[in-house]
Structure formats: structure tokens, C-alpha cells
Amino acid sequence: MRVFATGASGWIGSALVPELIGAGHQVVGLARSEASAAALADGGAEAVSGTLDDLDLLRETAKASDGVIHLAFKHDLAFTGAFQDAADADRRAVETFGDALAGSGKPFVIASGLIGVAPGRMSTEEDGRTPDEASAHLPGGPRTRMGTAHVTLALADRNVRSSVVRLPPTVHGEGDGGFMPALIGIARAAGVAGYVGDGSQRWPAAHRDDAARIFRLALEKAPAGSVLHASAEDGVPLRSVAEVIGRHLDVPTRSVPAEEAAEHFTWLSGFIGLDSPASSERTRALLGWNPTGPGLIEDLDKGHYFRTPGE
């Protein structure tokens, strides 16, 4: 297939491009900078210059493709407190893709999130499939993003082979710029590796290469309206994460009371207290997805997350 991929030079996208090309697909990647375009070209992909705000470009490139994988998200906004703005831009892009692909039967795969799908218990692919069930407990930006997943699933009724890949809050590996580096930065600045309450909150996790593979499999064979879980590990206790961070930074590990979480964890406070384990049993059976990468604790213990610039 000729596949249009947003976020193709990003964290998961840079692993997805060789995954797709290795399976015989042709990749057209959205590039918002010359550096991104060069990276795509070096990886054997074609680049189109633009951003998620260039809706006409998204529409026309999608129409000219055999399938679309939407990975891009304005994390630079989301991770600095403007999650709502990032989620709004994502919604506009998904609606544009939906209109472009309607009636075609082509595959359309988007990235969504696993955290908060079913707080306090093990979620499955059947959870969170209706807007009220999935998002009532979430703040505005995350609620909007989860709603975008429902917009995508509804495209199955418009003859789009749509699927949603719910990603764990941490898709880890060397070069990660997400939640784990943020937690490490907070611990480094505070001189303590913290966790909320007793630290029993669980986050699912997956290595980047395993996450990239699931997007390729979804493109190739996920039925219309599929919800897929990219959780290689169902739930890693956040106290265990804090203990690894404390050991590598040589700082103490301690509990942060829930009422102090906002001050200690800043923008991460809305996520760090959520117990959100997730099963991927049905996804594995449907797609034949078998994660092979290291687990989160093993990956943290390799040490690459703790290198300072220049090391």
C-alpha cells in the first residue's frame, strides 16, 4: 500500500517507517521541518511538507493514498499545559481524514491513549467504546482526545476501515521524550523520586518497536471499528518506577500525598495518580501481535534514561 503517515519522523513513527517499508509498503510522511523531511528521505520514505493545521494538504494526500496512519500530536503543547489546544488540533485533523476517506473502504489507524480508560481495574478492548463511559472522569483535553477516538470508530459506518490503537502512557526505549524523562526530570529537580499515595497505581507499557509493529498490523488487517491495546505489560506499579529512578539518581524515594501531587508533579499530576492497567489479550489474538521488547523496569535499568546531555 501507499501509506500516508503523520508523525512519521517522531518517536513511534521513526520506528514505524522501517516496519512498513520492510513489509513492502510505500510511505509518505508528513514533515513539519526540513530536518524531518531529511530524516524521512534517509529512511526511504517520501516527505510532504506541512503540519496538522494544513487541513487541505491532509485531505488531498489522504485521498491519494491507500491508507492513513495518524500518529502526530502536538506534544510540545500538551506537555507544557496546553493539552486542550493539542487535542482540538488532533480532532480537526481526524475529521479531515474521515471526510477524505469516507466511502473508500481504506484503512485509517489513529493513536489514542490507554490511561484512564477504566480507572482502578484492568481495562480491555471492549471498555470505553461509548463517550459517556470513557470520558466522564477525565479533564477537558484528555476528554477531547478520547472523544476523537470515538469519532474515528464511527467512521466504520461511512465505509472506512477505521481502527484505534490505544497506546500506554509510556512507550519506552532509548530516545524517549515522554512521561518517563519527565518523571526523571522532576525527581532530579526535587531531589526525591516520588509516587502518589502508596504507589500501587499501575501503568501499562510497551517498547517502541512493539508499538510500531501493532500499527502496521492494524493497517494490514484490523477490521473496521477495531479498538486495539498496545500494552505489552498490563500494569507496572509506579512505586517500582520511582524506586528505579531513585536508585539511578541516588536520591531517596518517598510518597507524595495526593493533596501535594499538583505542586510536586506539575502538569503530570493529572496522570500520575491514575491506576490504569490494561489487557491486550484480544488484540494479540486478533492481529497475531507478540511483543518482544524489554519491559519498562528492565529498560529503565539499562541506564540510557539517566544520561545527561553530552554523555
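Below, all heavy atoms of this structure are taken into account, side chains as well, without hydrogens, waters or symmetry copies.
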Looking just at side-chain N and O atoms, do Ser280 and Arg284 make a donor-acceptor pair shorter than 3.5 Å?
yes
Around atom CG of Asp250, are there more than 12 heavy atoms from other residues, nucleotides or ligands closer than 6.0 Å?
no
Hey, are Asp210 and Arg213 close enough for a salt bridge, meaning a charged N less than 4.0 Å from a carboxylate O?
yes
Scan side-chain atoms only and decide if Arg32 and Thr51 contain a donor-acceptor pair under the 3.5 Å cut-off.
no
Ser65 backbone acceptor or donor facing Lys106 side chain under 3.5 Å
yes
Ion pair Arg216/Glu220, N-O distance below 4.0 Å:
yes
Side chains of Asp90 and His70: is there a donor and an acceptor less than 3.5 Å apart?
yes
Just wondering, are more than 12 heavy atoms of other shown residues or ligands nearer than 6.0 Å to CZ in Arg188?
yes
So do the side chains of Phe4 and Asp66 get within less than 4.5 Å of each other, counting heavy atoms only?
no
Using only heavy-atom distances, determine whether the side chains of Thr283 and Glu125 contain a donor-acceptor pair under 3.5 Å.
yes
Evaluate the side-chain proximity of Leu58 to Leu30: yes if any heavy-atom separation is below 4.5 Å, no if none is.
yes
Is there a salt bridge (charged side-chain N to carboxylate O under 4.0 Å, His left out) between Arg2 and Glu46? Walk through the geometry before answering.
CA-CA 10 Å; Arg2 178 178 173 86; Glu46 177 186 338; 3.3 Å; yes
Would you say that Val3 contacts Val28 through its side chain, given a criterion of any heavy-atom pair below 4.5 Å between the two side chains?
no
Ignoring hydrogens and geometry, is there a side-chain-to-backbone donor-acceptor pair from Arg161 to Phe108 under 3.5 Å?
no
For the residue pair His248 / Asp301, report whether a side-chain donor-acceptor contact shorter than 3.5 Å exists.
yes
Does Asp53 pair with Lys74 as a salt bridge, N-O distance under 4.0 Å?
yes
Between the side chains of Ser36 and Ser9, is a donor N or O closer than 3.5 angstrom to an acceptor N or O?
yes
Check for me whether Arg145 meets the cation-pi criterion with Phe73, that is, NZ or CZ under 6.0 Å from the six-membered ring centre and within 45 degrees of the ring axis.
yes
N/O donor-acceptor pair under 3.5 Å between Ser14 side chain and Gly10 backbone
yes
Indicate yes or no for a side-chain donor-acceptor contact from Asn159 to the backbone of Ala102 under 3.5 Å, with no hydrogens or angles considered.
no
Residue from Arg239, Arg202, Arg121 passing salt bridge (charged side-chain N to carboxylate O under 4.0 Å, His left out) with Asp275:
Arg202
